[in-house]
Amino acid sequence: MPIPYHDADEQNDLGIAGYLKILPAQDESGYQAALFLINARGEPIEFTYNRIETPHTFLWRQADIHRHAIRKLTTSLFSLCPKTPRLILCLAEEVSSELFCQDIQLSVPVCRIAPAIKALPYSATEIQDRIEVEEPMNLFWYPGRPPDDSIELKLLHELSTKGLLIEPFERALIGLREVYSD
Amino acid sequence: MSADALWWTERNFENVPRARWFGIFRRSVKLSEDIPQRLSIPSAILSAPRHVSPSDDNALLSPVSLMISCDLNIPENLISGHTQQDDFVFGSAGLAGILLKEEPAGLKTSKPSHQCLLPQTPKDSFHKDEQAISLPKRLAYLLQPPTDVLLSRIGPLEWPHALFDYQIEGIKTLLSKDALLLTDDMGLGKTIQAIGALRILFLQRRIESCLLIVPASLVGQWRKEIHYWAPELRIATIRGITAERTWQWATPAHIYLTSYETFRSDCTDHSQSPPRRRVWDVVILDEAQKIKNRDVEISRKCKLLNRQRAWALTGTPLENREDDLASILEFVTALKDGESAPRLKPGFELQEIHKSLQLRRKKQDVLPQLPPKIVSQLFLSMNSEQRKYYERAEKEGIIQLKESGESIRIENILALIMKLKQICNFCPIDGGSVKFDDMLERLHILVSEGYRALIFSQFTDSTYGANAIASRLEEYNPLLFIGDLSPIQRDSVIRTFKENRDHKVLILSLRAGGQGLNLQDASYVFHFDRWWNPAVELQAEGRAHRLGQTFPVNVYKYIIEDTIEERIEKILKEKQLLFDDLVDSVSIDLKSKLSSEELFGLFGLVPPEHLKQPKRRAAFTGNYAEMSGMEFEEHLKQLLEQKKWRVETTPVIRDGGVDLIARRDDDIGVEIILYIQCKNHASPVGVDVVRALNGVLPKNAAGIRGVAVCPNGFTADAITFAKDRGITLWDRHHLFELFR
């Protein structure tokens, strides 16, 4: 007998969400990233991870290197991911708007998440939205906010009502630390 | 980019940072990138092929069909995913390693222990050291939803009810400890906590097998509770003849559930006896006081089990019994193969170990969290003698019914039901009673904790009813409150129970003791047999659960499995007649609740033509607002007479008194009398009216109920007052349901 999650069949239809977690390496030698796929029940499906080293010289602007490194990391993760998520979620303080507005084009919506209390820049091409979970959160959608009756938004709603809007990023962080801890 | 990656495309390739060095040349940045790694985490599946569980989800077919099913379906059955059949028998943690495809084939990895899951362990490579846990396994564990999220009511897991905070704390403690002695007060949900912890451990892949040893009478209860709280877990119930138990032990399952007696038979000194040939991830003993004597066989055998985790559940306070405690604590320890259980002696060290291993909450500790009333249904299995007698009586009864042919009446069916109900209480041959045995164990615990109990029974006689119960509970100085007593005697019994705490138990017949009494001194209520009438049972419980009660009231309702009790319970539940407040009939008249077909169907019979249920007439849709007071009374009188009540109209006296008196005999020939006040008011009736009715009702008169009727309902104060006084209220909806 399958686990009796609420409306199990409907949840299966909602698909999977991809949580992109990026953080600087602890020794500041580069960046680590993970693409953590979970289903609407919060069950882990895939965990793809990689890291990249960046040079510390005056030859290149650090901002450019950062952008380039994040792009390469992200594409390397996407290239290995066998499943297509319904949407990609990332934290606005880790992923700038250029990554998906300019550098990588996705056929699925991207949602950058930030606490409403934080002032973070976003692109004019992103659509701002708001959601109330434990605290108010700003959502920055690209290319646009999915319609209210869309599966993507239903999936997001399902995840947020189950406390799974931010929590999977923490799990992805735990996974990255486990992989790359010395 | 993989061929399937159509959902993403890289753009602006030329945007690679280039250094301009002295304006002469541009050099692109080169970044050193690792090769990305991917871990696929198999879903936590707990699916089972339907054909292994035909009607009862946890029932198993005969060995032959089971083997066929297992050949085809083992890999999909288990949380372990794709496994080889042989791996099952050993249930080793190597199964978990096979989950993850990165592991070399045929690899036997050791059990991931808690200690090994810390980041200090070597990673990213396979180590021959038995304690090493590979990275994929660690990740598969770490990436599971955290416990807090899983336990949350709004989390991804479905819980049939919200867990109390102290229960969540209990579950977390069980999750974090290899060994725990859980000794919460009775009624606080030790079973739920154990099942909740098992559920999460299985989901997080921290365990694969559990052995659960419980008293024989509670096997059915545990199955139901597991099915209710963790329906995804597959249970193998070990019982029956030896040949059946042999394959039951080998059946793939998450939880192996057995009784102490069966376990004692199957666990031998040979290390390959079924319970001993595997290392159990968890072994749980319910009512662990069964092993308090270390010299008895069952105690010794429980301690022989190889186990990663050991939990013991008991409601019996153990602080003052060091010898009992020592024996139980010898079990509450993880034990690997080849190790022997430590021998503990009474003394300071024992006390220290006890403190570190016990989790105990008393009711008063968690009072603010508890609801005012906690109702538990206890499903018990009869012992063999009682079962034999019951089945014989049922068979003979059915034969007699069949022999009656067309002359059979519904009263014959009801008489058989009553007879079987009595046997469910006590076996007339040897007086054995699984209900009584269970109740006695619970009384022992709650009395030792300082609580007192009310016991209700439909019957009063000395073979099946209240007198039989009282005669067996002498150690608790029981008092008896039944219909035979005079009003003076009744008052004396109640006063004695209130004033003298030496009387731990008050036994009441449901009819006599179901209303009008204030018995808040007791905080445990046992329904020894069911009346299948929510209003009557609620009223009985209301003797303890009322204003002035300082403790949550625990109510226990007994149902014997595979008997008429369970069958009727099931039908009434399906018809929503056990919980529906609208059905507030004051009788235990099964005839009014079940159709002829349903009553005869309880015994696999078909009613004769003349007894088949006529089509229901269309419900009354008249407008009460158009009726005068007298017309409304007359209308109600006619409705009651259609239902075989004998109704008299009282003289018109404008003092807010009784308008109708209705009488009828119930199934056991006891007269029920309703004192009815009719108020066809345009707005809800207030508390004054109900108070006035209460004032005119004869006090402490058995079988008399006050009923206030107003199609437009009652105010909240009136409802509260009525509930507290045991007065029934009928509004428009009640009238519709009662008389359709």
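Just so we're on the same page: letters track the sequence lines, and every chain starts at 1. Side-chain atoms are counted along with the backbone in the values below, which use heavy atoms only and exclude waters and symmetry mates. Here the structure is a predicted model, which means the values were calculated and not measured.
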Can you name the nearest heavy-atom pair linking B:R38 to A:C81, along with the distance? CD-CA, 4.5 Å
Got a sec: does the NE2 of A:H157 have more than 12 other heavy atoms crowding it under 6.0 Å? no
Heavy-atom cut-off 4.5 Å, strictly under: side chain, backbone, both or neither for A:E167 against chain B? side chain
Within-4.5 Å side-chain heavy-atom neighbours: A:P168 and B:P145: no
Looking only at heavy atoms, the pair that brings B:W7 and A:T84 closest together is CD1-OG1, 3.3 Å
With a 4.5 angstrom heavy-atom cut-off, which part of A:Y31 approaches chain B: side chain, backbone, both or neither? neither
Counting heavy-atom pairs under 4.5 angstrom with chain B, the leader among A:A172, A:G163, A:S76, A:G175 is A:S76
Check whether any side-chain heavy atom of B:S152 lies under 4.5 Å from a side-chain heavy atom of A:K162, and answer yes or no. no
For chain B, the option from A:L159, A:T75, A:T74 that forms the most heavy-atom pairs under 4.5 Å: A:T75
Any A:E170 side-chain heavy atom under 4.5 Å of B:P146 side chain: no
How long is the gap from NZ on A:K72 to CD on B:E10, to the nearest 0.5 Å? 8.0 Å
Spatial distance of atom CG (B:L143) from atom CD (A:E178) [nearest 0.5 Å]: 9.5 Å
Examine whether an atom of A:L164 lies under 4.5 Å from a heavy atom of chain B, and if so say whether it belongs to the side chain, the backbone or both; otherwise answer neither. side chain
Quick check against the 3.5 Å criterion: does A:N50 have a side-chain atom that pairs as donor or acceptor with the backbone of B:D34? yes
Name the region of A:I88, side chain, backbone, both or neither, that has any atom closer than 4.5 Å to a heavy atom of chain B. side chain
Between B:L139 and A:Y49, is any pair of side-chain heavy atoms under 4.5 Å apart? yes
